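Written below as structure tokens is the structure these notes are about.
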Amino acid sequence: MGFYLKQYLVIAQNQSLIIRQLQLTSESLPVEIYAFTNTTVWKDYEAIQSDIFDHLIAIIPEFGLKVYQAPSGADLKESLNVS
């Protein structure tokens, strides 16, 4: 991920860039991405943030990992077709 961000021209290369794993839980491996963009335009910032997470989600299988989301009661009712 660090290499990707260092090549991504909209990330400010003269500012701090930190990528770290937070404390592991039974359901997740939290990752913190701390970077600055070369823009302060909110719409552009949101698009950059979205691109970073799209890339992160796309490369997860390369590491033998999967994205996980805990089901809620509504999810279970829908999957079982319960009214």
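Keep in mind that this is a model prediction, so the values were computed, not measured.
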Using a 4.5 Å side-chain heavy-atom cut-off and chaining through intermediate ILVMFWY residues, the residues clustered with Ile60 come out as Ile57, Ile59, Phe63, Leu65, Val67
Suppose clustering is done on Ile, Leu, Val, Met, Phe, Trp and Tyr with side-chain heavy atoms closer than 4.5 Å. Which residues sit in the same group as Ile18?
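When side chains under 4.5 Å apart are linked, the cluster holding Ile18 also contains Tyr34, Phe36.
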Write out all pairs satisfying salt bridge (charged side-chain N to carboxylate O under 4.0 Å, His left out) with one or both partners inside residues 59-71, taking only residues at least two apart or from two chains.
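Matches after skipping sequence neighbours: none remain.
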Using the salt bridge (charged side-chain N to carboxylate O under 4.0 Å, His left out) rule, collect all pairs that involve residues 31-43, keeping only residues at least two apart or in two chains.
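Sorted pair list: Arg20-Glu32.
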Pairwise distance [atom1]([X]) to [atom2]([Y]) - rounded to 0.5 angstrom:
| X | Y | atom1 | atom2 | answer |
| --- | --- | --- | --- | --- |
| Ile52 | Ile19 | CD1 | CD1 | 9.0 Å |
| Ile33 | Leu56 | CD1 | CG | 5.5 Å |
| Asp44 | Thr37 | CG | OG1 | 8.5 Å |

Mind checking side chain to side chain donor-acceptor pair (under 3.5 Å) for Ser28 and listing every partner two or more places apart, or none if nothing turns up?
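With sequence neighbours excluded, Ser28 shows a side chain to side chain donor-acceptor pair (under 3.5 Å) to Thr25, given in chain and number order.
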Check the surroundings of atom CD in Gln21: do more than 12 heavy atoms from other residues, nucleotides or ligands lie under 6.0 Å from it?
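It does not: Gln21 CD has 12 such atoms or fewer within range.
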For Leu24, does the CG atom have more than 12 heavy-atom neighbours from other residues, nucleotides or ligands under 6.0 Å away?
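It does: Leu24 CG has more than 12 such atoms within range.
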Pairs touching residues 3-16 that satisfy side-chain hydrogen bond (donor to acceptor under 3.5 Å, both in side chains), sequence neighbours left out:
Tyr8-Asp51
Minimum-distance pair of heavy atoms, taken over all atoms of Leu22 and Leu29:
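Nearest pair, atom of Leu22 first, then Leu29: O-CD1, 4.4 Å.
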Less than 4.5 Å apart, any side-chain heavy atom of Asn38 and any of Leu9?
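No, too far: nothing below the 4.5 Å cut-off.
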